[in-house]
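Contents: one structure, followed by commentary.
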Amino acid sequence: MILKEKQLEEFVLDSGLVDKTTLLKAKQDALEKKQPLGDFLVSNGKITEDDLRRISAYILGIPFVDLGSGLKIDFDILSLVPEPIARKHNIVAYKKGENGLEIAMLDIGDLNAIDFIKKKTGLKILPRLTTTESIKAVLLQYQKSLKADFGDLIQKESANITTVAESEGQQNADDLKKMAEDLPVVRIVDTLLKHAILQDASDIHIEQYENEVVIRYRIDGILHDAMVLPKNAGAGITARLKVLSSLKLDEKRLPQDGRFKIDLNGEKVAFRVSILPTYYGEKTVMRLLREGVSGFTLESLGFHGDALEQLHEGTKLTTGMILTTGPTGSGKSTTLYTMLDIVNTPDVNISTIEDPVEYQMKRVNQTQVKPEIGFTFSSGLRSLVRQDPDIIMVGEIRDNETASLAINAALTGHLVLSTLHTNSAAGAIPRLLDMHAEPFLLVSTLNIIIGQRLVRRLFEPKEKFFLTKAEQTVLAKKVNLDKVMEVLKKENIVDADATWDKVPFWKPNITTEHPDGFHSRIGIHEVLKVTPTIRTIIMKGGTSDDIEDQAKKEGMLTMIEDGIVKAIKGFTVIEEVLRVISE
């Protein structure tokens, strides 16, 4: 929002929010700090952010709305803005009329969000300013509406679900298909999928037990119970998902994998489906993959300081390898896609070989492996290098042949990006050696190795606290606090004379909207740059501990140390960092 300082001054004085003496002093201080007057008044507690928004609305002639006084928004209108977008950009849809869609937001200068909603809905967008409390109240309606929608559906269709269950014993494909197309089952599955998308879940688990079917969602890395259904609903739900995924309906003895896509309010989401026989029936797990996701930056993923600079330098190289490491679900693919987005310029040819293609990217040639017909990572990579690529992304290095081909591609003038399943950045080197990679080839190709995990992000509001001496002693046994303090001072996160007694940490403030105080996740990382000294250690047959020790001497921040830095920044809590990092 661009406000004329003179208009702001006059309105603040007329409203009586700040007296003249205080305002003149604030104006002078803001000028010295080269800070807009409105922002200065807010940061120094003279007015609130909502006061500034009300003033801005009046001066700019933009309607100001209050949505926090029990206003119930029709869910069809509310869901025109997906819940993740609403939460990230503090923007909600609340009224649809002949003139267009009215949206309430905290920053009308967020043109990207406005443009996204306009393209998604095809409607004229009418921005309105509102308060922080209004946005929080409306965000809460997403979950309330979903729970009501879900609960009402189950109650309404409970009798019909019983009817479906009577078909469970039928084994032929025609009867199973009929069961999958039964209206109650279709409605339940559609609601399950919609619920998961709007809850921003990463996975759906459908588990069949002796007397019930349990539905669970993985949200921010933690599994939560979503619903318990009658035992007899399980067969129909599984059959419906098999139909959507083009799987064999009458195959219940062997595992099956499939995939399907849906479009919810303009957001395309792919579901990667895995069905596994268990004692009481088939268990289904679906991974949600939001297509067309872009706009990530290395900074938004949690990279900072020297690690961020090294990654930006690494993406400017034209040969060699950049690897990301970590367990399943640690954000490796997202990091790779973000780096691909950075190097994706018109003058380069980028080709990928993946399993599966998780995000679709413009101007990138993406190929999915199909092991059942012999099209593997190694055979695909062998073909890719004949496609005149400049940059190659290999979804995962799983075997000796893929490792050898990736290293050779990096040697012959390509920049290769890939992932490995190891616990640390330094652990990637012994892993590659186990795959019979030659040490002299590794030192010629490896540029950067990233180790990472995902921790839950604290949700506002949060509470500040300080570690006691005893707590500092306990933490010092796990983390090099001197090194962490050095980074905090170098990045101006704390004052130059700060001590641990004065360094703030944070803890969640429990709310009805977020009972655990967390929402979304952020990465904690270690970035190992393969320097000449580390190359020497590799050639001499050094262990991963030897490599990590040398990297730390050269300034590498380990994942746990990076996690403590993020805990001090207020992104997460110490317990989260310790939870995701295994000793």
Side-chain angles (χ1 to χ4, degrees), residues 1-3 11 15 48-153 190-191 193-200 262-269 290 292 295 459-460 511-514 519-520:
M1 291 179 290
I2 302 173
L3 294 177
F11 194 91
S15 64
T48 67
E49 288 187 358
D50 286 339
D51 287 334
L52 182 59
R53 290 190 189 99
R54 289 179 187 274
I55 293 168
S56 303
Y58 179 83
I59 294 173
L60 297 173
I62 296 167
F64 192 92
V65 295
D66 183 359
L67 304 176
S69 53
L71 175 68
K72 182 73 172 73
I73 301 171
D74 188 289
F75 190 64
D76 288 339
I77 295 174
L78 186 67
S79 59
L80 288 173
V81 178
E83 196 257 6
I85 298 296
R87 191 175 300 283
K88 181 178 179 181
H89 294 273
N90 289 307
I91 181 170
V92 294
Y94 70 94
K95 187 177 180 182
K96 183 179 176 184
E98 293 180 3
N99 295 328
L101 180 67
E102 294 187 43
I103 58 170
M105 54 199 308
L106 299 184
D107 179 13
I108 59 166
D110 191 348
L111 300 180
N112 288 334
I114 294 173
D115 188 53
F116 170 82
I117 298 168
K118 184 177 180 180
K119 289 179 179 177
K120 179 181 164 306
T121 62
L123 299 171
K124 181 181 179 182
I125 303 302
L126 307 171
R128 310 289 188 246
L129 276 169
T130 191
T131 64
T132 306
E133 289 304 315
S134 288
I135 292 290
K136 287 182 179 179
V138 177
L139 288 175
L140 188 57
Q141 289 190 35
Y142 276 95
Q143 290 190 10
K144 288 181 177 177
S145 297
L146 284 167
K147 288 175 182 175
D149 186 18
F150 199 72
D152 290 347
L153 176 80
D190 286 350
T191 306
L193 301 180
K194 180 175 75 171
H195 193 190
I197 293 169
L198 295 176
Q199 287 278 69
D200 207 17
I262 67 171
D263 189 325
L264 179 65
N265 297 327
E267 182 184 12
K268 292 182 180 178
V269 181
R290 287 163 174 81
F459 186 76
E460 297 286 357
T511 65
T512 54
E513 185 180 352
H514 290 282
H519 178 74
S520 184

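The CD1 atom of Ile262 sits 5.0 Å away from the CG atom of Leu193 when rounded to the nearest 0.5 Å. Going from atom CD1 of Ile103 over to atom NE2 of His89 covers 11.0 Å, rounded to the nearest 0.5 Å. The line from CD1 of Ile135 to CG of Asn90 is 5.5 Å long, rounded to the nearest 0.5 Å. Taking CG from Leu129 and CE from Met105, the interatomic distance works out to 8.0 Å, rounded to the nearest 0.5 Å. Once rounded to the nearest 0.5 Å, the distance linking CD1 of Ile85 with CG of Asp200 reads 9.5 Å. To the nearest 0.5 Å, atom CG of residue Leu101 and atom CG of residue Leu126 are 7.5 Å apart.
You'll find the side chain of Phe116 stays beyond 4.5 Å of the side chain of Val81, heavy atoms only. The closest side-chain heavy-atom distance from Asp115 to Ile125 is not below 4.5 Å.
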Requested in this report: Determine, step by step, whether Leu106 and Thr132 satisfy the side chain to side chain contact (heavy atoms under 4.5 Å, CB included) criterion, reporting the C-alpha distance in whole Å, the side-chain angles of both residues, the deciding distance to 0.1 Å, and the verdict.
Outcome: CA-CA 7 Å; Leu106 299 184; Thr132 306; 4.2 Å; yes
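Residues in residues 91-101 take part in no salt bridge (Lys or Arg N to Asp or Glu O under 4.0 Å) pair, two or more places apart or across chains.
For the residue pair Ser134 and Thr131, the shortest heavy atom distance occurs at OG-OG1, 2.9 Å. Nearest heavy-atom pair across Pro63 and Pro127 is CD-O, 4.5 Å.
For the pair Lys120 (side chain) and Leu80 (backbone), a donor-acceptor distance under 3.5 Å is present.
Shown here are the side-chain hydrogen bond (donor to acceptor under 3.5 Å, both in side chains) partners of Asp190, two or more places apart in sequence or in another chain: there are none. Taking the side-chain contact (heavy atoms from CB on, under 4.5 Å) definition, one finds that Tyr94 meets it with Val65, Leu67, Ile73, Glu102, Ala104, Arg128, sequence neighbours left out.
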